Every structure is written in structure tokens, then in C-alpha cells.
Amino acid sequence: MVGKNCFAIASDRRLGVQLQTIATDFQRVFKIHDKLYIGLSGLGTDAQTLYQRLVFRHKLYQLREERDMKPETFASLVSAILYEKRFGPYFCQPVIAGLGEDNEPFICTMDCIGAKELAKDFVVSGTASESLYGACESMYKPNMEPEELFETVSQALMSSVDRDCLSGWGGYVLIV
Amino acid sequence: MECVMGVVGRDFAVVAADTSAVQSILVHKTDEDKVMVLDSHKLMGASGEPGDRVQFTEYIQKNLHLYQFRNTIPLSTAATANFTRGELATALRKNPYMVNVILGGYDKDAGASLYYIDYIATLHKIDKGAFGYGSYFCLSLMDKLYHPDMTVEEAVDLIDKCIKEIRLRLVVAPQNFVIKIVDKNGAREYARRDLVGDNASVDAATTVTA
């Protein structure tokens with residue numbers, strides 16, 4: 001979710017296999033660099049593999065370009081990597097959030113084969129995505145300060161995952 | 001039908017598994033060791049397709065030894081877990097290994113650690129975990145009875161309670177189990193829990209014990 005010169009990215013913490021919960025401290029939001037984060041919902045193994053591939057590509061980019069990737073560039077990279085596997089996809093729906101030049105927040109989401117969806121306010125993914133759309137739509141206001149953004153994101157996350165049996169068991173909210 | 005479970009205590013990790021080798025309705029043997037000692041301070045309990053289980057765990061063990069020969073130092077538990085996950089992930093979309101792994105190890109700096117790696121290469125560091133139908137009974141028992149920094153006796157007692165529950169409540173339950181432990185002194189077999197077979201005590205079948 002976008003705020004005033006800041007963004008929030010949040011996820012739940014459940015690791016489950018269908019109806020069985022395996023762990024309640026699973027990490028789903030990963031750092032690419034200080035001002036760029038990616039959240040990966042969907043199959044745990046593909047989230048881990050994809051994260052490793054993206055960190056690898058970003059580190060190479062840093063070595064060659066001697067700077068961090070812009071969020072828009074990174075989103076295109078993720079989209080390309082996902083579409084490479086068009087006929088044998090990674091079962092992940094990423095949510096990308098970053099601060100671009102002049103700390104302008106950037107968010108986007110895509111489906112598991114890389115169809116980018118840019119937004120100015122919020123993006124969601126996962127099994128509770130419909131609930132999340134509803135909660136975010138009703139709670140979102142433009143130009144929120146970080147403290148208010150944190151409250152909004154937390155409440156939206158908690159109320160949505162409570163209606164989904166496959167999500168929940170804790171929440172993780174990051175404000176940048 | 002196959003169960004593997006693991007628990008982390010104070011500076012040690014316990015990995016237990018059933019010891020039945022089953023095909024359809026036949027029990028081939030009741031003393032099949034499914035917790036492989038990877039090296040001096042690592043245990044890999046594995047369940048799944050029998051051929052894959054043996055081949056995969058031996059493959060990991062030999063590669064671990066190779067690393068040690070080449071680099072004169074052993075691989076850490078975390079690195080082993082990530083290597084195992086990498087092998088499973090690479091094979092996943094070609095010729096997957098149908099093997100679920102509980103990896104327990106002890107490192108001087110990191111202490112005891114336990115890793116959950118399922119057959120589609122989902123890796124997660126855990127304090128307690130289990131695979132198989134037995135996990136439906138064990139995980140909730142562990143949630144209730146586990147606490148951090150348990151002693152060896154408490155941890156083995158927890159495993160024994162899980163074994164008792166599996167024997168009681170799982171249809172076609174495995175009867176015999178092996179419990180292995182890894183701590184600063186190394187990885188070794190701690191105990192067997194045999195109800196049937198050559199090593200079972202004479203009155204095992206008539207007393208309800210762990």
C-alpha cells in the first residue's frame with residue numbers, strides 16, 4: 001500500500017500444506033535492496049527459488065551498473081523471469097513495493113506468468129486476495145503518513161486473513 | 001504411513017522415525033533405519049518413496065563427505081539444509097525425488113538446529129516438526145508439550161508420547177521406531193522402541209508402554 005513518500009508491505013506468516021499448518025513464522029516478504037521489497041505468495045518452494053534467482057540477478061546488476069535497481073526495472077525483470085516459464089510456471093504471485101527516484105513509492109503485482117498490474121493505491125495477492133481487495137478499498141486513503149499507513153495495513157491484513165482458513169497465524173508489516 | 005519427527009532441545013536435536021518397510025499389504029521388515037547419520041554432527045530422517053529415500057539420502061551424505069575431503073572442514077547444518085533443498089528443487093521439474101526430510105544438526109557456533117524440507121523443496125527452520133500421517137497426531141501434541149530448552153529426557157519423553165499416540169490412533173500404524181540424537185558429542189542412535197520383531201521384549205505386546 002502506498003502512503004506519503006512511503007510504502008507498506010505486509011504478509012501473513014502461515015506455512016501450510018492444504019489443511020495442515022506446518023509453521024507460523026514463515027517469511028514471505030524479502031528484501032532486494034534497502035528501498036525495494038518483494039512479497040511472494042503461493043507455493044513456498046517456488047517463492048524460495050524465485051527469491052534466490054532474483055537476488056542473484058540483482059547482485060549481478062549491482063556489480064555491472066554500480067547502483068541499485070529501480071523498482072520499475074525490477075518489476076520488468078520479475079515479469080520476464082516468470083514468463084520464461086510460461087508453460088511450466090512458478091506458482092507464485094509477487095507483490096513488489098519500492099521507493100523510486102525522489103522517494104516516490106512504486107507498487108505492482110503480477111500473476112504467476114508475469115502479467116504486471118500497476119496501481120497507485122494498493123496491490124494484493126494470495127488466497128485471501130478478494131477479502132484483501134475489499135478491506136483495502138474501504139480503509140485506504142491517499143497520502144497517509146507512515147504511522148497511519150501502518151495501522152491501515154495491519155487492520156486490512158488482519159480482517160482479511162481472519163476470513164480465510166489458509167491464511168493467518170500472525171502478520172508481518174514493513175514500512176519504508 | 002511412514003512417520004518422521006524431530007524436536008530441538010537445549011544444545012541437542014532429536015530425530016525419530018518409524019522402522020517399517022511396507023509394500024501394499026506386506027511388511028517387508030520392521031527394522032529399516034530411516035534416519036541416516038550424514039556426518040559426525042548431522043542426522044537426516046527421511047520418509048517417502050523407498051528407492052528415492054535411500055538414493056537421495058546417500059547422495060546427500062556422499063556429497064557432504066566430498067565437501068569435507070575437498071575443503072577439510074565440514075559443511076554447517078544450515079548449508080546442508082540449503083544444499084538439500086537445492087538438489088530437490090533442481091530435480092523438481094524434471095524427475096522429482098518423492099522424499100520428505102527432517103534434518104537435525106549441531107554446530108559449535110549455531111548450536112542445535114532442525115530443518116523441515118518437504119518433497120517439493122520447501123525449506124523452513126523449525127523447533128519441532130513431523131511428516132506423514134503421524135504428523136496429524138504429533139504436531140498438536142508437540143504444540144502443547146514442547147517448550148524451548150528441554151532436556152534430553154524431556155525431549156525423548158515427548159517423542160515417546162508421540163509414538164504412543166501414533167500406535168494407538170493411526171490405522172495400520174507402524175509399530176517400531178528409532179530415536180537418534182545429535183549434540184556436541186556427535187550424532188548417534190539413542191534408543192529403539194520395538195513392539196514387534198526380533199528385538200521386541202517378550203511381553204511388549206501385552207503391556208502398553210512407550
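Since the model is a prediction, treat every value here as computed from it, not as a measurement.
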TODO: Identify the residues of residues 5-36 of chain B whose heavy atoms come closer than 4.5 Å to a heavy atom of chain A, ordered by number, or report 'none'.
DONE: none
- [ ] Tabulate, in ascending numerical order, the residues of residues 130-144 of chain B having at least one heavy atom closer than 4.5 Å to a heavy atom of chain A, or enter 'none'.
- [x] B:Ser135, B:Tyr136, B:Leu139
TODO: Hey, could you give me each pair passing salt bridge (Lys or Arg N to Asp or Glu O under 4.0 Å) that has a residue in residues 24-38 of chain A? Not counting sequence neighbours.
DONE: A:Asp12-A:Arg28, A:Lys31-A:Asp34
- [ ] Take atom OH of B:Tyr119 as the centre, draw a 6.0 Å sphere, and report whether it contains more than 12 heavy atoms from other residues, nucleotides or ligands.
- [x] no
Task: Neighbourhood of chain A inside residues 72-109 of chain B, taking heavy atoms under 4.5 Å as contact - done: B:Asn82, B:Arg85, B:Ala89, B:Leu92, B:Arg93
Task: Segment of B:Ile117 engaging chain A (4.5 angstrom heavy-atom cut-off) - done: neither
- [ ] For atom NZ of A:Lys70, decide whether the heavy atoms of other residues, nucleotides or ligands shown that lie under 6.0 angstrom number more than 12.
- [x] no
Open item on the list: So, taking the atom named CG in B:Asp118 and the one named OG1 in A:Thr45, what distance separates them when rounded to the nearest 0.5 Å?
Closed with: 7.0 Å
Open item on the list: For A:Glu130, is the CD atom crowded, meaning more than 12 foreign heavy atoms sit under 6.0 Å from it?
Closed with: no
TODO: Of all the heavy-atom pairs spanning A:Phe26 and B:Leu123, show the shortest one and how long it is.
DONE: CE1-O, 4.0 Å
Task: Whether over 12 other heavy atoms sit under 6.0 Å from A:Arg67 CZ - done: yes
Open item on the list: Is it true that, when you exclude A:Arg13 itself, more than 12 heavy atoms of the residues, nucleotides or ligands shown sit nearer than 6.0 Å to its CZ?
Closed with: yes
- [ ] Heavy-atom distances under 4.5 Å only: say whether A:Gln20 touches chain B with side chain, backbone, both or neither.
- [x] side chain
Open item on the list: Does atom CZ (A:Arg163) have a neighbourhood of more than 12 heavy atoms from anything else shown, all under 6.0 Å?
Closed with: no
Task: Nearest atoms (heavy-atom pairs only) where A:Gln48 meets B:Ala121 - done: OE1-O, 3.6 Å
Open item on the list: Counting neighbours of CD on A:Glu117 that are heavy atoms of other residues, nucleotides or ligands and sit closer than 6.0 Å, is the number greater than 12?
Closed with: no
